[in-house]
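These notes concern the structure reproduced below.
Count residues from 1 along the sequence.
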Amino acid sequence: MKRILILFTLSYFGALCQAYAQDSIWTLSKCIQHAQVNNLSIKQDELDARAAKMIYQSSKYSHIPSLNLSSNYGTSFGRSINPTTNQFENTKFSSLGLSAGSSVLLFGWFQKRYAIQSNELKYKIAQESMEQLKNDLLLNVATAYLRALLAKEQITNVLYQIEISTNNQTRIEKLTTAGRSNILELSQAKTQFYNDKGIYLEALLNYEQSLIDLKVILNIDLQQKIVPVPNLNESVFLSVEEIDPEAIYNSALTYIHSIKSSTYNVQVAEKDIQLTKAKELPQLSLNFSSGTNYSSSYYEVLPSGDSQLISFGKQFNNNLSHFVGLGLNIPVFNNFSSRDAIRSAKIGLEKARITDEENKQKLKQEIYKSCIEYKRTLQQYNSSLSALENAGIALKAATIRQEKGFISYFEYLTEKNNFLKIQNETTALKYELQFKKITVEYFQGIFTI
C-alpha cells in the first residue's frame, strides 16, 4: 500500500515538474494582460468605439460646404431635344453634359452643432463602456485565477492528508502485529486511506475544471497547458482602519467608468432636447451651380455657306451657365411631430437622470458590501489561522497518545479530520480574502498587478 502511495505521489509531482519545465507559467498579471487583448467581448466593444468615433468625425465635417460634380453621356435616336439648341431634332446625335453644384448653410448651425456635441458624447460613452468591460474582466480573471490557485493548493493539502493516512496505516499494521492494536483499527486506517485517495482524485478534477474556466475567460485553446503560480503577497492585507467606504465611494465617482458613462448619457439626453428644438428653427442656405454640354449635331454656318460641327471646346464655352440662389426652409406645421419629439426627449432626460442615480446607488452599495465582506473575511482568516495552529498541536499530541495506546484510533482520527478540515477552510479563506482585497483596491483605484 505504501508503495502505491509513493508511486502515486511521484507521478503527480513528476507531471507537475514537467509542466513547469515545458509549459508557460501564467501569473495573474499575464492573464489579465492577455485577456484584455484577446477577450471577444472587449474586441466587440473596441469595434463599437471605433464606429462611434467614425460617426463623430463624420458629423464634424457636416458644417463644411458641399460640392458635387456630375456628368452624363448618351446617344439619341428619332425625334428628341438637342441639349445645346433646346430644339426638337429627328436625327441621331450624341451629347455630353457636365455640371457642378455647391451648397453652404448660412443659418441653422444649431442643429449641426448639437448633433456634433451629441456624437462626441456618444463616442466617449463607447470608450467608457470598453474600459468598464476591461475592469470587469480584471475581476473575472482574478476570480478564476484565485480559484485555480485554491484548487492547486488543495491538492497539496490532500497529498499531506494521504501521507498522514499512510503513516498511520503502517504504524497500526506494526501495532497489530505486536498485539497492541486490532483488526477494527486497521480497517479504519485502510478506509481512511482510500477515502483520502478519492478526495485526491476529486481535487485533481477540480483543478482541471478551474483551469478550463480560466482558459475560457482568457480565450485560449483548451488544450494549451498553463501553470498558475501564486505571485501575490499573501502577508500584506489592508488594515481595517484603511477602509472608509464613504471616502472610497466619493473617490470612485471620479474614475469608475460605468458612472462616467451614465453621466455622459444624461448629457446626451440634454443635447437631444436642444437638437429637437433646433429642428424647429428656419434654415437659410446659399446654392451655386454651373454646367455646360456638348452635342454632335450642333453645327454653325460658315461665311462660305457651308455648315461645320462646332468644336468641343467652343461648345463648352458657349453653353456654360451659372446659377446662384438662396434657399429658405421654415418649419410651419408638421402634425405636432416636433412638439411630441421634444416631450419624448424630455422624458428620455428624466430616465437618464434616474438611471444615473441608480448606478450611483448601486456603486455605493457594492462598495459598502465589499468593505464589510473584506473586514469579515479578514477576521475569519485570522481566527482560522489561530484555530489551525491549535489544531496542529492537538493532532501532534493525539498522534503521540495514540502511539502509546492512551487513546483509540477513532479518537485520533477525529483530531486528524478536524485538523484537515480547518486546514482546508484556512486555505479557502486565504484566497477569498485575496479576492476581497482585490475588489476593495479596485474600488479604491489602486489595484496593481
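Between the side chains of Q161 and D196, at least one donor N or O lies within less than 3.5 Å of an accepting N or O. Counted by atom type alone, E246 and Y368 present one or more donor-acceptor pairs between their side chains at under 3.5 Å. Side chains of E432 and Q380: no donor on one and acceptor on the other come within 3.5 Å. Judged by distance alone, the side chains of N157 and E153 never bring a donor and an acceptor atom under 3.5 Å apart. Checked by atom type, the side-chain pair H257/Q132 shows no donor-acceptor distance below 3.5 Å. Judged purely by distance below 3.5 Å, without hydrogens or angles, the side chains of K271 and Q117 pair a donor atom with an acceptor atom.
No more than 12 heavy-atom neighbours from other residues, nucleotides or ligands sit within 6.0 angstrom of CD on E202. For K60, the NZ atom sits in a packed shell: over 12 heavy atoms of surrounding residues, nucleotides or ligands are nearer than 6.0 Å. Within a 6.0 Å radius of CD in Q365, no more than 12 heavy atoms belonging to other residues, nucleotides or ligands are found.
Relative to the six-membered ring of Y249, K364 meets both conditions, a distance below 6.0 Å and an angle of at most 45° to the axis.
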Q) Would K124 and E120 satisfy side-chain contact (heavy atoms from CB on, under 4.5 Å), going step by step from the backbone distance to the final call? A) CA-CA 6 Å; K124 291 181 179 180; E120 181 182 10; 4.0 Å; yes
Q: Check the pair E350 / I347 against side-chain contact (heavy atoms from CB on, under 4.5 Å), numbers first and verdict last.
A: CA-CA 5 Å; E350 291 300 319; I347 293 175; 5.7 Å; no
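The line from OG of S370 to CZ of F435 is 8.0 Å long, rounded to the nearest 0.5 Å. Atom OG of S70 and atom CG of L98 lie 8.0 Å apart (nearest 0.5 Å). To the nearest 0.5 Å, atoms CE (M130) and CG (L47) are separated by 10.5 Å. Rounding to the nearest 0.5 angstrom, the gap separating the CD1 atom in I32 from the CG atom in L218 is 9.5 Å. For the atom pair F419 CZ and N424 CG, the distance stands at 9.5 Å (nearest 0.5 Å). I125 CD1 to S262 OG: the interatomic distance, rounded to the nearest 0.5 Å, is 9.0 Å.
With respect to the salt-bridge test (charged N to carboxylate O, under 4.0 angstrom), the residues R401 and E411 do not qualify. Contact check on R353 versus E270 returns a salt bridge, with a Lys/Arg side-chain nitrogen under 4.0 Å from an Asp/Glu carboxylate oxygen.
Nearest heavy atoms, I438 versus A142: CD1-CB, 4.0 Å. Of all the heavy atoms in L328 and I330, the pair that sits closest is CD2-CD1, 3.6 Å. Heavy atoms only, all atoms of each residue included: S118 and D272 are closest at OG-OD1, 3.8 Å. A pairwise comparison of heavy atoms in L286 and V324 identifies CD1-CG1, 4.0 Å as the closest pair. Contact record, P228 with I226: CD-O, 3.7 Å, taken as the closest heavy-atom pair. Taking every heavy atom of both residues into account, L429 and T377 meet most closely at O-CG2, 4.1 Å.
Annotation: salt bridge (Lys or Arg N to Asp or Glu O under 4.0 Å) contacts involving residues 41-59, sequence neighbours excluded, are absent.
Qualifying side chain to side chain contact (heavy atoms under 4.5 Å, CB included) partners for E357, counting only residues two or more places apart in sequence or in other chains: K360.
The aromatic rings of Y56 and Y123 lie parallel to each other, their planes meeting at an angle below 30°, with 60° marking the opposite boundary.
Side-chain contact between V229 and W26: absent, with no pair of heavy atoms (C-beta onward) separated by less than 4.5 Å. For the pair I273 and K346, the minimum side-chain heavy-atom distance is below 4.5 Å.
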